[in-house]
Amino acid sequence: MYYLYTQHIYMVTPHVGCVVFLHGHLNETVYCQQPPGFVDPAAPDHVCLLQKSLYGLKQAPRAWHQRFSGFIQRSGFTASTSDTSLFVYKVGADIAYLLLYVDDIILTASSTSLLRRLTELLHSEFAMTNLGDLHHFLGISVMRSADGLFLSQHQYAVDLLQCTGMTECHSTATPVDTYAKLSATDGAPVADATQYRSLAGALQYLTLTRPDLAYAVQQVCLFMHDPREPHLAMLKRVLRYVKGTLSTGLHIGTGSITSLTAYSNADWAGCPDSRRSTSG
């Protein structure tokens, strides 16, 4: 697999790569002042008409995405209907997946020859750097073994504990108390609601490789509009659980998937505020 950075490519064998916003073409009329050191002495008050996007322009992300997505869709990729950053290439038995995040790209394919061909195709249109096999992407580390890939946010979790001053806290065996549900009005408001929201958002990102945190983090996020002390205590419990499970991650195995198992819960009038039930 490749990991491309619009200037770089990563491959997951997976691989990684990268390209830059400067590739985007502007459809709108945008002017800028003459940059220092390049002012025309004969017309110092003139402005420049931009033909391509620059870093800092609010049009730059859209211009770049339109250019890139337009090119690869003309090249045979199909945009995912559920994720605008995912593109799928499928011709016969050949299949490839391309994931675009700003100017980073991950590319993986069903064969080495297809991977090489698609990489050459991208290089023909964009100036890219091939960063080789995928090992780290957006705070997620990728470790390979004979039975698949292991995705981990170990360092992200360690940094999160450090910024909250909980690196030496005692761990807990579960992320949430299953015998009680919090009310939106219990307790006094927290001293710093912004910090609560920031930590809740940071935990949301951690659930990418930690689905075991999904329910607890969802409960924490229910109260971001008006967090109170019991809600903060619940958030800290999640962090204590993270402290004891730093080595936990997401394993993606090799081979085909023959079944999909889902788990759900149910209660009767379980919400202490609305008395609504959770259906299973």
query: Is the number of heavy atoms from other residues, nucleotides or ligands under 6.0 Å of His225 NE2 greater than 12?
result: yes
task: Could you tell me which non-hydrogen atom of Arg144 sits nearest to which non-hydrogen atom of His135, and how far apart they are?
output: NH1-CE1, 3.5 Å
- prompt: So which heavy atom on Asp40 is nearest to which on Gln34, and how close?
  reply: N-OE1, 2.6 Å
field: Hydrophobic cluster membership, Leu213 vs Val158, 4.5 Å side-chain cutoff
entry: yes
- prompt: salt bridge (Lys or Arg N to Asp or Glu O under 4.0 Å) with Arg228: which residues, sequence neighbours excluded?
  reply: Asp226
message: Strictly distance-based, threshold 3.5 Å: is any side-chain N or O of His231 a donor or acceptor partner for the main-chain N or O of Ser183?
response: yes
- prompt: Under 3.5 Å, is there a donor-acceptor pair linking the side chains of Arg116 and Ser111?
  reply: no
field: Non-hydrogen atoms of Asp212 and Pro175 that approach each other most closely
entry: O-CG, 4.1 Å
- prompt: Nearest 0.5 Å, what's the CG-CG distance between Leu239 and Leu203?
  reply: 5.0 Å
statement: Taken to the nearest 0.5 Å, the spacing of Ile72 CD1 from Arg67 CZ works out to 12.5 Å
task: Could you grab the distance from atom CG of Leu250 to atom CD1 of Ile140, nearest 0.5 Å is fine?
output: 9.0 Å
Ile252 with Met143, same ILVMFWY side-chain cluster at under 4.5 Å: no
message: Donor-acceptor pair, distance only, cut-off 3.5 Å: does the side chain of Ser198 make one with the backbone of Thr194?
response: no
message: Set out, in order, the CA-CA distance, both residues' side-chain angles and the distance that settles side chain to side chain contact (heavy atoms under 4.5 Å, CB included) for Tyr89 and Leu98, then state yes or no.
response: CA-CA 8 Å; Tyr89 177 92; Leu98 186 150; over 6 Å; no
- prompt: Taking atom CD of Gln155 and atom CG of Asp159, what is their separation to the nearest 0.5 Å?
  reply: 4.5 Å
query: How long is the gap from CG on Leu100 to CD1 on Ile106, to the nearest 0.5 Å?
result: 10.5 Å
- line: Distance col, row Ser152:OG vs Leu246:CG, nearest 0.5 angstrom, shows 8.5 Å
field: Step-by-step side chain to side chain contact (heavy atoms under 4.5 Å, CB included) determination, Glu125 to Leu121
entry: CA-CA 7 Å; Glu125 180 70 12; Leu121 175 69; over 6 Å; no
task: Could you tell me whether Lys236 and Glu229 make a salt bridge, using a distance below 4.0 angstrom between a side-chain N and a carboxylate O?
output: no
- request: Kindly check if the number of other-residue, nucleotide or ligand heavy atoms within 6.0 Å of CD (Gln162) is above 12?
  value: yes
query: What are the two closest non-hydrogen atoms of Lys243 and Thr167, and how far apart are they?
result: NZ-O, 3.0 Å
message: Checking the side chain of Thr207 only, and the main-chain atoms of Gln204 only, is there a donor and an acceptor separated by less than 3.5 Å?
response: yes
task: Would you please test Val217 and Leu206 for side chain to side chain contact (heavy atoms under 4.5 Å, CB included) and show each step?
output: CA-CA 9 Å; Val217 174; Leu206 189 58; over 6 Å; no
query: When His251 is tested against each of Leu149, Asp147, Leu151 for side-chain contact (heavy atoms from CB on, under 4.5 Å), which residue passes?
result: Asp147
task: Locate the shortest heavy-atom distance separating Asp94 from Ser110; write the atom from each residue and the value.
output: CA-OG, 3.6 Å
message: Strictly distance-based, threshold 3.5 Å: is any side-chain N or O of Ser171 a donor or acceptor partner for the main-chain N or O of Gly244?
response: no
task: Could you please spell out the steps behind the ring-ring contact (aromatic ring centres under 6.0 Å, His included) verdict for Tyr196 and Phe223?
output: CA-CA 10 Å; Tyr196 179 95; Phe223 310 108; 8.1 Å; no
Backbone of Thr245 reached by a side-chain donor or acceptor of Arg210 within 3.5 Å: yes
message: If you count heavy atoms of other groups shown closer than 6.0 angstrom to CZ of Arg117, is the number above 12?
response: yes
Trace of the ring-ring contact (aromatic ring centres under 6.0 Å, His included) decision for Phe71 with Phe126: CA-CA 10 Å; Phe71 171 76; Phe126 305 107; 5.5 Å; yes
- prompt: Given a cutoff of under 4.5 Å between side-chain heavy atoms of I, L, V, M, F, W and Y, with clusters grown through shared members, what are the other residues clustered with Tyr31?
  reply: Val47, Leu49
field: Sidechain-backbone polar pair: Gln218 side chain, Ala214 backbone, donor-acceptor under 3.5 Å
entry: no
- request: Return the minimal non-hydrogen interatomic distance between Arg197 and Met224, and the atom names on each side.
  value: NE-O, 2.6 Å
message: Less than 3.5 Å apart, any donor N or O on the side chain of Gln153 or Thr209 sitting next to an acceptor on the other?
response: yes
task: Side-chain contact test, heavy atoms from C-beta onward, threshold under 4.5 Å: evaluate it for Val142 versus His136 and give yes or no.
output: no
message: Per the ring pair (Phe, Tyr, Trp, His ring centres under 6.0 Å) rule, what does the pair list look like for residues 140-163, sequence neighbours excluded?
response: Tyr156-Tyr205
task: Show the numbers, then the answer: is there a side chain to side chain contact (heavy atoms under 4.5 Å, CB included) between Arg237 and Thr174?
output: CA-CA 8 Å; Arg237 180 182 177 130; Thr174 59; 2.5 Å; yes
- request: Report yes if some heavy atom in the side chain of Val238 is under 4.5 Å from a heavy atom in the side chain of Thr172; otherwise report no.
  value: no
message: So does Gly70 get a backbone contact from the side chain of Arg74, meaning a donor-acceptor N/O pair under 3.5 Å?
response: yes
- prompt: Given the rule that I, L, V, M, F, W and Y join up when any side-chain heavy atoms are under 4.5 Å apart, are Leu99 and Leu138 in one cluster?
  reply: yes
